[in-house]
Amino acid sequence: MLNITPIPALSDNYIWAIQKDNDVIIVDPSDATPVLAFLAKNQLNLTAILLTHNHHDHTDGMPELLSRYPQLPVYGPQEVAQFANHIVRPEDHVTLFDYDVRVIESAGHTAQHVSY
């Protein structure tokens with residue numbers, strides 16, 4: 001079973017943690033500090049990051065997280081290629097926690113915005 005936890009960030013945003021057992025996938029880390037605190041407090045292993053689009057309030061935590069986890073799989077559309085080592089496109093499928101995850105086009109917010 002998956003647990004999904006909102007991690008408060010900035011003054012009005014959330015970073016999402018998708019957890020299975022002791023492993024976690026982080027979605028749109030706007031700030032590394034609350035992510036690192038969440039991982040430490042819960043003794044979790046960061047296994048991947050999902051990025052949805054290129055706005056700073058969804059990506060500003062990436063440089064610090066990548067400095068600490070340089071081999072981490074990061075999935076995202078072309079517009080976040082500076083951070084993503086797995087570029088995804090609408091209707092692609094990735095396997096995360098043994099689940100088939102479909103990439104869904106949700107452009108409008110940004111040209112290449114995706115959902116998972």
Side-chain angles (χ1 to χ4, degrees):
M1 182 168 82
L2 298 178
N3 291 316
I4 301 174
T5 305
I7 303 170
L10 308 176
S11 62
D12 63 349
N13 211 341
Y14 291 100
I15 300 165
W16 296 96
I18 305 168
Q19 182 181 345
K20 181 179 180 191
D21 302 321
N22 291 329
D23 294 329
V24 69
I25 297 166
I26 294 294
V27 181
D28 287 344
S30 58
D31 185 353
T33 301
V35 171
L36 295 170
F38 178 81
L39 295 173
K41 177 182 177 187
N42 296 290
Q43 299 180 343
L44 298 172
N45 304 310
L46 181 57
T47 60
I49 292 177
L50 301 177
L51 298 174
T52 61
H53 66 291
N54 66 354
H55 287 163
H56 74 91
D57 61 337
H58 292 255
T59 62
D60 275 359
M62 288 303 300
E64 184 173 350
L65 291 170
L66 288 175
S67 74
R68 293 174 184 251
Y69 300 91
Q71 302 303 316
L72 189 68
V74 179
Y75 300 86
Q78 184 64 42
E79 67 185 20
V80 293
Q82 71 270 31
F83 303 120
N85 50 27
H86 297 279
I87 301 300
V88 296
R89 292 167 185 76
E91 300 309 318
D92 281 354
H93 290 254
V94 296
T95 301
L96 300 166
F97 294 145
D98 296 323
Y99 288 87
D100 177 45
V101 178
R102 182 170 60 106
V103 179
I104 302 167
E105 180 178 10
S106 50
H109 187 58
T110 67
Q112 296 179 4
H113 190 285
V114 297
S115 299
Y116 298 90

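For clarity, every value in this text was computed on a predicted model and none was experimentally measured.
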Has the side chain of Asp23 got a donor or acceptor atom that lies under 3.5 Å from a matching backbone atom of Lys20?
no
Main-chain N/O of Phe38 paired with Asn42 side-chain donor or acceptor, under 3.5 Å:
yes
Minimal heavy-atom distance between Ser115 and Ser106, with the atoms involved, is OG-OG, 3.0 Å
Do Asn85 side-chain atoms and Leu72 backbone N/O form a donor-acceptor pair below 3.5 Å?
yes
How long is the gap from CD1 on Ile15 to OG1 on Thr5, to the nearest 0.5 Å?
12.5 Å
Should Trp16 and Ile4 count as side-chain neighbours, where that means a heavy-atom distance under 4.5 Å?
yes
Just wondering, do Thr52 and His109 contact through their side chains at under 4.5 Å, heavy atoms?
no
Say whether, by atom type as modelled, one donor and one acceptor occur between the side chain of Gln78 and the main chain of Val80 under 3.5 angstrom.
no
Mind checking the NE2-CG spacing from His55 to Asp60? Nearest 0.5 Å is all I need.
11.5 Å
Is the side chain of Gln112 donor-acceptor paired with the backbone N or O of Pro77 at a distance under 3.5 Å, no angle test?
no
Among Val88, Ile25, Ile104, Asp92, side chain to side chain contact (heavy atoms under 4.5 Å, CB included) partner for Tyr116:
Val88
Expected output: side-chain Thr47 to main-chain Val24 donor-acceptor under 3.5 Å
yes
How far apart are the closest heavy atoms of His58 and Asp28, and which atoms are they?
ND1-OD2, 2.8 Å
Donor-acceptor pair, Asn13 side chain versus Asp57 backbone, under 3.5 Å?
yes
Under 3.5 Å donor-acceptor, Glu105 side chain and Pro90 backbone
no
His93 NE2: over 12 foreign heavy atoms closer than 6.0 Å
yes
Parallel, tilted or perpendicular: which fits the ring planes of His86 and Tyr75, with parallel below 30° and perpendicular above 60°?
parallel
Crowded around Tyr14 OH? As in, over 12 foreign heavy atoms under 6.0 Å?
no
